*Asks:* 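For reference, the structure I am asking about is given below.
Labels below follow one simple rule: chain letters A, B, ... track the order of the sequence lines, proteins then strands, and each chain is numbered from 1. The model shown is predicted, which means the values in this text are computed figures rather than measured ones.
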Protein chains: 2
Amino acid sequence: LIAMQNIQKDYHLGETVVHALTGVDLTIEKGEFVAVWGPSGSGKTTLMNLMGTVDEPSAGQILINGQDVLSLSDNQRTELRNQTIGFVFQGFNLLPVLSALENVMLPLQIKGDPASKVKEKARLRLDEVGLSGFSHHRPGKLSGGQQQRVAIARALVTDPSLVIADEPTANLDSDTSRKIIGLMRNLNNKNGATFIFSTHDQRLLDQCDRLIKLEDGKIINGGNGKC
Amino acid sequence: LIAMQNIQKDYHLGETVVHALTGVDLTIEKGEFVAVWGPSGSGKTTLMNLMGTVDEPSAGQILINGQDVLSLSDNQRTELRNQTIGFVFQGFNLLPVLSALENVMLPLQIKGDPASKVKEKARLRLDEVGLSGFSHHRPGKLSGGQQQRVAIARALVTDPSLVIADEPTANLDSDTSRKIIGLMRNLNNKNGATFIFSTHDQRLLDQCDRLIKLEDGKIINGGNGKC
Ligand SMILES: Nc1ncnc2c1ncn2[C@@H]1O[C@H](COP(=O)(O)OP(=O)(O)OP(=O)(O)O)[C@@H](O)[C@H]1O
Ligand SMILES: Nc1ncnc2c1ncn2[C@@H]1O[C@H](COP(=O)(O)OP(=O)(O)OP(=O)(O)O)[C@@H](O)[C@H]1O
Ligand SMILES: [Mg+2]
Ligand SMILES: [Mg+2]
């Protein structure tokens, strides 16, 4: 599904260069349930953003479904994201002026789903993450973990074939975490959706099929560790 | 140090009322190291905000150092916060246009510390949380866990007698977490600084002296649980 070759990502900050990722070679097959683990600052978010086509590498190649992502236009890349990828951001990135329900409806509206179906699908997704009753709260009127769950519901609402989640349980208690992890495992088992997540959460690490260890922007375990 | 009596906090959302905290009675003594634990949405942030005078209760009384917080003017409350409280927000609340160093310097500048001392103190605090070398990054150029650590450094820079931390290790890996927890325990043991934190992190819960369990806005373990 995803093939990354010799990926380099540098950030330029005035005079300094931060080598956020170096020499990353990685293949993710359809239907995998992969965890990315590493210290704070090791490059997980950078890697998630590249895989989700939210950002571009400084060097190297990324293929998604055989397509060279860097050869696509911005519009084609946006289309690819909207049609096949669900992304849970570490900082949630919810729209503050929309309610929880409207935030979750948005990807379906962009995709062009029939209006009669959109609200119902979004409601179901919010119920699944334990937020029935909070549909009308705007993000600023939700707790941290509730915002995180709206972000998760939004990422799952289009039934994406690829879900990329950046520390999706960081703000959740263990019971709520367990439900969310169960939900993701279920979608992976039943629908074959591919899951790639970065996490510091041992409960989530216990559930993965394969572990990628990052340190200082490099993969240090060959990308094929046991969970 | 802190006495809360019959605290009620309601949020009004159009027609609905959310009872975020109900009937909370709580006393925190000087030098305590207290954890607040509970499911997502149970009222932890609301409680932290009330204790830190960042927000006001709908009913009930809060005394800090014997002072009735609600009888103070806004200016007096701001003064109290700046002089004696260090607050780590769940969402960090860093100023995006200031560098990491400038964010950490700010409370000292507000306090009126000599300019020659301010930069040095701020640098030391950033080193302590493992961020030497990142002083010039603005928050948007930092990883999630690095932003969280800037927020922690900023909360500690004025050597506050009361530190209130809302899920301070949510975005940190276990090694970095352990260092931060060690740092907080050390300040508590050496300087007698009182620590109150909300957390889902078992490593942090293992270190506390006393546990307060919240559920649906109520304290369910008498506020005096073992850790
Ligand atoms: N401004 C607001 N308006 C309406 N409801 C609110 C507001 N802020 C918080 N709430 C609600 O109050 C309840 C308690 O919120 P709080 O942020 O204190 O929870 P929490 O325990 O910190 O949760 P988490 O672990 O997810 O951070 C939640 O159900 C939340 O939706
Ligand atoms: N826009 C940027 N400009 C400069 N440096 C950056 C930028 N974004 C990230 N960095 C740096 O790149 C490195 C990797 O960042 P990244 O966000 O990928 O880490 P991470 O593994 O997700 O960390 P965390 O677990 O704390 O979220 C960090 O050292 C960070 O400071
Ligand atoms: Mg990150
Ligand atoms: Mg909270």
*Asks:* If you measure from NE2 on H136(B) to CD on E15(A), what distance do you get to the nearest 0.5 Å?
*Replies:*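 Between atom NE2 of H136(B) and atom CD of E15(A) there are 12.0 Å.
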*Asks:* Is it true that atom CG of D159(B) has more than 12 heavy atoms of other residues, nucleotides or ligands lying nearer than 6.0 Å?
*Replies:*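 Yes.
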*Asks:* If you count the non-hydrogen atoms of other residues, nucleotides and ligands that lie under 6.0 Å from CG in D216(B), is the total more than 12?
*Replies:*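 12 or below, so no.
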*Asks:* For the atom pair NE2 (H137(B)) and OG1 (T16(A)), what is the distance rounded to the nearest 0.5 Å?
*Replies:*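 Spacing of NE2 (H137(B)) from OG1 (T16(A)) equals 6.0 Å.
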*Asks:* Heavy-atom pairs under 4.5 Å with chain B: which of L142(A), L13(A), T176(A) has the most?
*Replies:*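 Of L142(A), L13(A), T176(A), L13(A) has the most heavy-atom pairs under 4.5 Å with chain B.
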*Asks:* Side chain from CB out, backbone as N, CA, C, O: work out which of these in R149(B) comes under 4.5 Å of a heavy atom of chain A, or both, or neither.
*Replies:*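 Side chain only.
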*Asks:* Under a 4.5 Å heavy-atom cut-off, does chain B meet the side chain of E167(A), its backbone, both or neither?
*Replies:*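 Only the side chain of E167(A) comes within 4.5 Å of chain B.
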*Asks:* Would you mind checking which part of S40(A) comes under 4.5 Å of any heavy atom in chain B, side chain (CB onward), backbone (N, CA, C, O), both or neither?
*Replies:*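 For S40(A), heavy atoms of backbone and side chain both lie under 4.5 Å from chain B.
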*Asks:* Of all the heavy-atom pairs spanning N171(A) and H200(B), show the shortest one and how long it is.
*Replies:*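 Nearest heavy atoms, N171(A) then H200(B): O-NE2, 3.3 Å.
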